[in-house]
Amino acid sequence: MRVLFAIALVVYSIPAFPCFAPISGPEYDAQIKIVELDDPNHYQVSVPRFMEELPNEAVIILAYSSSVPRGIPVYRPSKILDSTTVDERLVAKFVVEKRPEEKPYIVVMWWPEDPGTCGIQANSGFLEVI
């Protein structure tokens, strides 16, 4: 009886397990398209508006890091970019600034509808700053 109770408890509690880290990987990173514009330090980024079955539109974030372009360091300021929709992609123009010991990069998040479930995160490489 205890074994059946334990199995039932595990099976019914699986949906309650929170997501500790978003889904990520090179296949998602490759969805970020960045082009350098004519003016120095000016860029344009485009990403799919939606990813897989996630219902929420992408959020494009400009972040800076001194180590690796992964995720959004909570102790560093970042900026959510304003974007427009063009052919089912979100497009945003932005300017990067030169910071001592920090380099800019793009983070994209596709958030889930339900809290505790996994979203998808993509990261660009570092961008050049003149």
Side-chain angles (χ1 to χ4, degrees):
M1 185 67 171
R2 287 183 177 172
V3 172
L4 288 175
F5 178 74
I7 291 171
L9 183 63
V10 168
V11 168
Y12 287 111
S13 67
I14 286 174
F17 289 140
C19 178
F20 293 105
I23 300 164
S24 62
E27 65 273 21
Y28 301 110
D29 296 347
Q31 300 300 313
I32 301 174
K33 307 296 182 207
I34 299 175
V35 294
E36 232 177 307
L37 301 176
D38 291 334
D39 292 329
N41 301 332
H42 286 67
Y43 290 89
Q44 178 176 292
V45 60
S46 72
V47 300
R49 187 172 171 207
F50 297 101
M51 184 61 69
E52 297 177 2
E53 298 87 34
L54 296 175
N56 294 319
E57 203 171 66
V59 176
I60 306 170
I61 303 159
L62 174 61
Y64 290 80
S65 176
S66 57
S67 55
V68 293
R70 301 301 290 164
I72 307 161
V74 294
Y75 51 88
R76 302 252 191 250
S78 58
K79 178 183 178 185
I80 295 176
L81 301 178
D82 292 326
S83 59
T84 57
T85 303
V86 178
D87 297 329
E88 288 306 308
R89 291 183 71 82
L90 293 181
V91 177
K93 292 183 180 180
F94 61 99
V95 179
V96 296
E97 58 186 60
K98 190 168 192 154
R99 294 185 179 181
E101 301 179 25
E102 291 184 320
K103 299 176 207 162
Y105 62 101
I106 294 293
V107 178
V108 181
M109 288 298 307
W110 291 271
W111 295 105
E113 188 166 358
D114 299 321
T117 58
C118 284
I120 297 173
Q121 175 183 312
N123 302 282
S124 74
F126 283 124
L127 302 170
E128 184 179 333
V129 182
I130 299 173

- Item | Ile120 CD1 to Leu54 CG distance, which is reported to the nearest 0.5 Å | 4.5 Å

- Item | Interatomic spacing from OG in Ser67 to CD in Glu102 - rounded to 0.5 Å | 9.5 Å

- Message: Measuring only between side-chain heavy atoms, which start at C-beta, is Tyr43 closer than 4.5 Å to Leu62?
- Response: no

- With side chains defined as the heavy atoms from C-beta onward, is the minimum distance between Glu57 and Phe50 less than 4.5 Å? yes

- Message: Tell me the closest heavy-atom pair linking Pro48 and Ala58, and the distance in Å.
- Response: O-CB, 3.7 Å

- Hey, does the side chain of Asn56 reach the backbone of Trp110 with a donor-acceptor pair shorter than 3.5 angstrom? no

- Nearest non-hydrogen partners of Asp82 and Ala92, listed with the distance: O-CB, 3.2 Å

- If we only count heavy atoms from C-beta on, is the Val91 to Gln44 side-chain gap below 4.5 Å? yes

- Task: Might you confirm whether atom CD1 of Ile80 has over 12 heavy atoms from other residues, nucleotides or ligands at distances under 6.0 Å?
- Result: no

- Item | Full working for side chain to side chain contact (heavy atoms under 4.5 Å, CB included) between Thr85 and Leu90 | CA-CA 5 Å; Thr85 303; Leu90 293 181; 3.5 Å; yes

- Query: So does Glu52 have more than 12 non-hydrogen atoms from other groups sitting under 6.0 Å from CD?
  - Reply: yes

- Under 3.5 Å: donor-acceptor pair, side chain of Asn41, backbone of Ile130: yes

- Item | Within one Ile-Leu-Val-Met-Phe-Trp-Tyr cluster: Tyr64 and Leu81, side-chain cutoff 4.5 Å | yes

- Side-chain donor/acceptor of Asn123 to backbone N/O of Val107, under 3.5 Å: no

- Task: Evaluate whether atom CD of Glu27 has more than 12 neighbouring non-hydrogen atoms of other residues, nucleotides or ligands under 6.0 angstrom away.
- Result: yes

- Task: Supply the atom-to-atom distance Ile61 CD1 to Ser78 OG, rounded to the nearest 0.5 angstrom.
- Result: 6.0 Å

- Would you check if Ile60 and Phe94 make a side-chain contact, meaning some heavy-atom pair closer than 4.5 Å? no

- Item | Spacing of OG belonging to Ser24 relative to CE belonging to Met109, to within rounding of 0.5 Å | 9.0 Å

- Note on the structure: All heavy atoms of Ala21 vs all of Cys118, minimum pair found to be O-SG, 3.6 Å

- Nearest-0.5 Å distance, CZ of residue Arg89 to OG1 of residue Thr84: 12.0 Å

- Query: Quick one: are Gln31 and Val47 in side-chain contact, heavy atoms under 4.5 Å?
  - Reply: no

- Query: So which heavy atom on Thr117 is nearest to which on Asp114, and how close?
  - Reply: OG1-O, 2.6 Å

